[in-house]
Amino acid sequence: MLRILRDLLRYNPEFRIGIVLVGFVLILSVLASFSPYPPDQVYVVPPDVPPSPTYWFGTTSRGQDVFWQLTFAIRNTLLFGGTVALISRVLALVIGLVSGYKGGWIDRVLMSINDTFIVMPLLPILVLFYFVMRDSMSWLILALIMACLGWAYDARLIRSVAMSLKTREFTQSSVFSGMSTREILVQEHLPYVMPIVFSTTMNNMVWSIGLEVTLSVLGFTDINTPTIGGMIYWANQHTAMVAGIWWWIAFPTAIVVMTFIGLFLLAVSMNEYIDPRSRLSRMGGAS
Amino acid sequence: MNGYLIYIVRRLGQFVLVVFIGINLAYVITHATPIDPVEQSISAATSFGNTAPDAIEQMRTSLRELYGLGGSPVEQYLVFWRRILRADFGPSMSAFPTPVSTLIGRALPWTAGLLMISTIITWVLGNLLGGLAGYYQKSRGLKLMGVIAMGLHPIPYYILALLLLIVFGFLWPVLPIAGGSAMNLPQTWTWDFISSVLMHAILPALSLILIGIGSWFLGMRSLVSNVVTEDYVVYAELGGVDRHRILTSYVMRNALVPQVTGLAISLGGIFNGAVITEKVFGYPGIGSLLVDAVYAGDYGLVLGVTTISIVGVSIGVLAIDLLYPLLDPRVKVR
Amino acid sequence: MTASPALPARPDAAAPILAVRDLKAHFRTNHFGVKRYVKAVDGISFDVRRGEIYGLAGESSSGKTTLIKTIAGAIKPPLEVVGGTVDFAFLPGYGGLHRAPPAEVARIRWRHLSYIMQGSMNVLNPVRRLRATFADFARSHIDASDRQFEQAVVDHLARVKLDASVLTAYPHELSGGMRQRATIALATICRPDFIIADEPTTALDVVVQKDVLGMIRGIQREIGSSVLFVTHDMGVHAHLTDRLGIMYAGRLVEEAATAEIFRRPLHPYTRHLISSLPRIGDDIQRKGLEGSPPSLADPPPGCRFHPRCPLAMAACSERVPDMVETEPDHRVACFAVNGDQAP
Amino acid sequence: MSNALLEVSHATKVFSRGGLLSSRRIVAVNDVSFRIEAARPEIFTIIGESGSGKTTLSRMILNIEQPSAGSLVLDGTDLSTVRSNRDRLAFMHKVQPIFQNPFEAFNPLKQLDRYLFMTRQRFSAAVGQAALEAAVDEALRKVGLSLKEVRHRYPHEMSGGQLQRVAIARALLSSPKLIVADEPVSMVDASLRMSIVNLFRALRDDLGISIIYVTHDLATAYYISDRIMIMQNGRVVESGDARTVLNAPQHPYSQQLRAAVLLPEVTGGTAPANSPST
């Protein structure tokens, strides 16, 4: 694991940039713990102050410091993305591995459902959720819902790998070495699937954060918990753009774009690293 | 040909399944939550301004009927399905008493037109440029385009739409930034109207194209760089087959096959983008309709738009899937 | 296209159709810090004469595939030609396809030099009907009307016992044997002077294999091409090739007429290879060779066979033996056979 | 009446392909019967081309595939009754496979010795690290290797011939009575091939293990087999003593196969008339 990190850092510029961007955003989110102001209080600082040495990123029309507000927002947004990714990874892994290894009717049933979720337009469904739940909609519930809707594509990916692993001869060698199905899935197949899990984690976070921003901007989430989307929502409510309070929108936007590009670059470099051909040349197989 | 028939039947089955699961999801969401949707809707609809008490009562009755809240759960479920199958979502609460279906019928062509055109442009352009970038890996211009695509790809829809709005609405106001056509024009097939529609479509379409093109570009580039190492491409090169022919009929043609499946898979996502785009640019499609319906607490309209979008996206996916065998002759034996 | 059943002109030993001289082609890779430098082809010289089928035999890491890739001009990074020349009689003066201008290479491809690739499954474009594939490869080289061209293709397909209906088929609709016959027809439709064949029958069943080999021989005789035929299967060489070169770990170790190699192999490696082949009706105990073929990334010094060689001497691990013409038309690179010609 | 090690009677395997409307039935193995005696270890060769059903048959013997009809009985146990984990272990204790591609026989991401120790632990009472290592080393020595050469090595560090030896050593560690080898030398280099083939002979003669050798290659089949069985399109077309059958095949298909073997010597008839070496 550490060696992979070292190799990537040393030889892959995309990974380096990605790490720097994501690292910066992470530091920012950690700073939330040191904020002098609680996130949910308004009018704690003078409103509408442009960026200055006192207020680095300016202040909002609601009297909040954009910088400190942003630390909370990015922390919550990352937590949100991470939660969705974590839960949906577990779903995708279990369904993908079982479907691929077991085959037969289990596979057919699971994949039919899977394909349905892949093409389902999620936004209207999420909107419908909000419409019914209204104020009871917390970000945790939203994360759960999105995790339940966001595993399908990656489960298919994992399944296809599991299927090809199943037909490889070493799987039979393992069977005849006396290993149980669980041992084979966990010890023999999981190492092949893990890199995919890592790289899809990044993509999944980009996806879920993007949807969260969209929903928040429309006001279809719990707007009282500060998130990046929530900040932009409030800025829009106060017509910040027209009023010239550009920093209220510009900094959250910049941070979320940084996060996305960083995560995306990590996924790209990870993909290159796990590409079987590149993997083989690293190991130095037969020519 | 028999293989093609099996394929069609399978895809139709998948289509029915998607619609079935999607609509059941809508049922579960609206019926299985502990919140009373009727009271929710009424409080949302009446939160602005005063509504006469008997009007509220009338709303309550019609909403209860609409939800099918009377009777056993099985009856409720059947009533729900009956309404969906008849496309009968009742009258709209926010535009009372216009039926929901009329509102959707009015908005649908806008969304369908915008989405179809921008999706086709995005797909063709992204795959063409991505294919070229994968084939001519040394070209500087195409490399630069790759960097731009990588940068554009992960930006959230909303942010990009907002940026376009700022640039073309405020900094350099050359394009109309809101609406589907100029307000003063009658909606008839005159040149003035059509050109106005096109002008108004440029910004929303541009935002959809910019946001979507990156993933096609990157996907196609990596597909092509795999296809060029395939035996049949190497063989054609050794055979002295015309370079142009190799690029089109050998490399692009084969790399496009998975991209068609990809298009079907991404349709749902494209629709998500359209909702936010329509809202930002005030485009009179069903995305705007959905958002406004939520604000207004218009249950029938929200359910109607949700159902229509599930069915619409599924039809799109089905259409692409049915065209797929034209591109890949191997489907018939699988 | 008039069929000329006449045999090619008597081979002129002075002017071979292909002359390879001291060819060196190496792989250089660097993936995440793991550097590899593989000397897959390391100083190979040989001639292919007009009208003959020259066989190349070798094991999986002998460099034979790299050698023919280099000869065919299919050189892409990480493969690079480090030295030596490849001279075709129809492409004089450049020293190899990789050095010739693209227009010249385009001129000779398929008209003069064609190629039959390993594995028939993926060699034909899966989304293109065979008619279009034939047109892609051959149309520009054959001066005829479309009707005449189509007729020529149909006539030619008949030579490999394929019906005209395969032209409307996609590759996946044909069996493995039919596909391979179709690629042979494709490779010979322009009556090229030189055909490179890389394990064309390895994936086929034995009965089909024999048929296909017969067809290759038949067409080669009819159109008078020279063929460079690569396979690890000594049975195929015995059946088909006129002369045979044996490769081991990136070098040629022996070359002679095929019959001569089977009758009197000289190099210890060749001797082992021939004697270990089981034969039906022969119960003599056969032995495997100790050790393994060396890694080309880190080959042993001197003669690369010496760690496994029963005849190894001190010189073998120090210097590389040259290919010496021990007898007329029989070259061997071995100190034990030729004696140590120390400088 | 002597005991059968393996009794295959009327084994049939049908695969159905296709979807809801038209399912194509493919009879991969059609009514195959044969018997291997427990008292007389032998090398029994199944010969066939692609599509002959030889691999499906070998997978049925390994209980990876279940027959559609007929039965396979190994050492008194009907394979269809082998379901529970314990039964499966008991079954694999008696039968072990060797596969075609030595580079694929072990997980490329894992060390080789792990499979050897695992097999020994699962199929014999564990008796401590030292005894375990001794057993693994002994098995490796039987195939001409040693634990020192294999310990902590990854598959890509070994040649195909070495890997196939390790695969055989792994199979030996469960002390099987039967080894099923599907094309075990077709991907091994020519110079190493005969050592592996000779190894199979040694297993039969020295350890009393019966071997089912599945191949398309008549020459190696002739070299090591006691009995052979020729299959075509799922059916057995001819079987019997290897030398008798291969020297004088009776069935037209066997004759065709025999005639298609390319002899490793240049015969006058096939040498070209225009050979420039003349």
Side-chain angles (χ1 to χ4, degrees), chain A residues 14 112-113 115-136 145 149 152-153 156 203 206-207 209-220 228-229 232 236 241-242 246 249 252-254 256-257 259-265 267-268 271 275 277, chain B residues 13-14 17-18 20-22 25-26 29-30 33-35 37 40-41 43-44 150-151 153-159 162-163 165-166 170 218 222 229 264-265 267-273 275-276 279-280 287 290-291 293-295 297 299 302-303 305-310 312-314 316-317:
Chain A
E14 279 125 5
S112 283
I113 298 171
D115 290 352
T116 304
F117 276 97
I118 286 180
V119 296
M120 193 78 71
L122 294 179
L123 195 69
I125 289 171
L126 289 170
V127 169
L128 192 61
F129 256 113
Y130 168 75
F131 184 79
V132 174
M133 308 274 292
R134 297 273 166 183
D135 300 334
S136 339
I145 295 167
L149 299 174
Y153 188 75
R156 198 164 244 300
N203 286 329
V206 169
W207 169 81
I209 293 175
L211 260 183
E212 199 270 344
V213 169
T214 300
L215 286 170
S216 304
V217 164
L218 295 171
F220 293 167
I228 297 287
I232 299 171
N236 281 345
M241 215 61 227
V242 183
W246 56 267
I249 288 186
T253 306
V256 82
V257 169
T259 313
F260 276 27
I261 293 178
L263 288 173
F264 178 69
L265 287 176
V268 167
N271 269 331
D275 179 70
R277 283 174 301 176
Chain B
Q14 189 68 45
L17 192 68
V18 174
F20 181 77
I21 291 187
L25 219 54
I29 293 168
T30 49
T33 42
I35 296 128
Q40 279 279 344
S41 299
S43 69
M150 267 203 198
H153 171 60
I155 299 177
Y157 277 104
Y158 175 73
I159 309 272
L162 194 68
L163 287 176
L165 194 68
I166 292 167
F170 296 104
L218 297 173
S222 84
T229 63
I265 287 174
L267 272 191
I270 292 170
F271 185 82
N272 293 352
V275 171
I276 194 89
K279 189 61 201 158
V280 172
L290 176 69
V291 175
V294 175
Y295 290 151
Y299 168 76
V302 171
L303 189 63
V305 172
T306 308
T307 311
I308 284 296
S309 52
I310 290 171
V313 168
S314 309
V317 172

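Everything numeric in this text was worked out from a predicted model, so none of it was measured. Here is the naming used below: chain letters follow the sequence lines, and residue numbers restart at 1 for every chain.
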Engineer: Relative to chain A, which segment of Leu162(B) carries a heavy atom at a distance below 4.5 Å: side chain, backbone, both, or neither?
Structural biologist: side chain
Engineer: Which bit of Ile228(A) comes within less than 4.5 Å of chain B, counting heavy atoms only: side chain, backbone, both or neither?
Structural biologist: neither
Engineer: What part of Leu267(B) is in contact with chain A, defined as an atom under 4.5 angstrom from a non-hydrogen atom: side chain, backbone, both or neither?
Structural biologist: neither
Engineer: Which heavy atom in Phe131(A) sits nearest to a heavy atom in Val294(B), and how many Å separate them?
Structural biologist: CD1-CA, 3.9 Å
Engineer: What part of Asn236(A) lies closer than 4.5 angstrom to a heavy atom of chain B: side chain, backbone, both or neither?
Structural biologist: side chain
Engineer: Are Leu215(A) and Val127(A) close enough that some pair of their side-chain heavy atoms sits under 4.5 Å apart?
Structural biologist: yes
Engineer: Between Ile209(A) and chain B, which part of the residue has a heavy atom less than 4.5 Å away: side chain, backbone, both or neither?
Structural biologist: neither
Engineer: From Thr253(A) OG1 over to Ile232(A) CD1, what is the distance, rounded to the nearest 0.5 angstrom?
Structural biologist: 4.5 Å
Engineer: Listed by chain and number, what are the side-chain contact (heavy atoms from CB on, under 4.5 Å) partners of Ile261(A), not counting sequence neighbours?
Structural biologist: Leu21(A), Val257(A), Leu265(A), Pro154(B)
Engineer: Looking at Leu17(B), Asn272(B), Leu165(B), Ile265(B), which one has more heavy-atom pairs under 4.5 Å with chain A than the rest?
Structural biologist: Asn272(B)
Engineer: Working to the nearest 0.5 angstrom, can you tell me the gap between Phe264(A) CZ and Thr259(A) OG1?
Structural biologist: 14.5 Å
Engineer: Run the side-chain donor-acceptor check on residues 115-124 of chain A: report pairs under 3.5 Å with partners two or more places apart or on a different chain.
Structural biologist:
residue: Asp115(A); atom: OD1; partner: Arg156(A); partner atom: NE; Å: 2.8
residue: Asp115(A); atom: OD1; partner: Arg156(A); partner atom: NH2; Å: 2.9
residue: Asp115(A); atom: OD2; partner: Arg156(A); partner atom: NH2; Å: 3.0
residue: Thr116(A); atom: OG1; partner: Ser112(A); partner atom: O; Å: 2.8
residue: Thr116(A); atom: OG1; partner: Gln14(B); partner atom: NE2; Å: 3.2

Engineer: Where on Leu126(A) is there a heavy atom nearer than 4.5 Å to chain B: the side chain, the backbone, both, or neither?
Structural biologist: neither
Engineer: Considering only heavy atoms, which portion of Val291(B) lies under 4.5 Å from any heavy atom of chain A: side chain, backbone, both, or neither?
Structural biologist: both
Engineer: With only heavy atoms counted, which part of Leu218(B) is less than 4.5 Å from chain A, the side chain, the backbone, both or neither?
Structural biologist: side chain
Engineer: With a 4.5 Å cut-off on heavy-atom pairs, point out which of Leu25(B), Leu163(B), Val317(B), Ile310(B) contacts chain A the most.
Structural biologist: Ile310(B)
Engineer: Can you give me the closest heavy-atom contact between Tyr130(A) and Gly219(A), atom names plus distance?
Structural biologist: OH-O, 3.4 Å
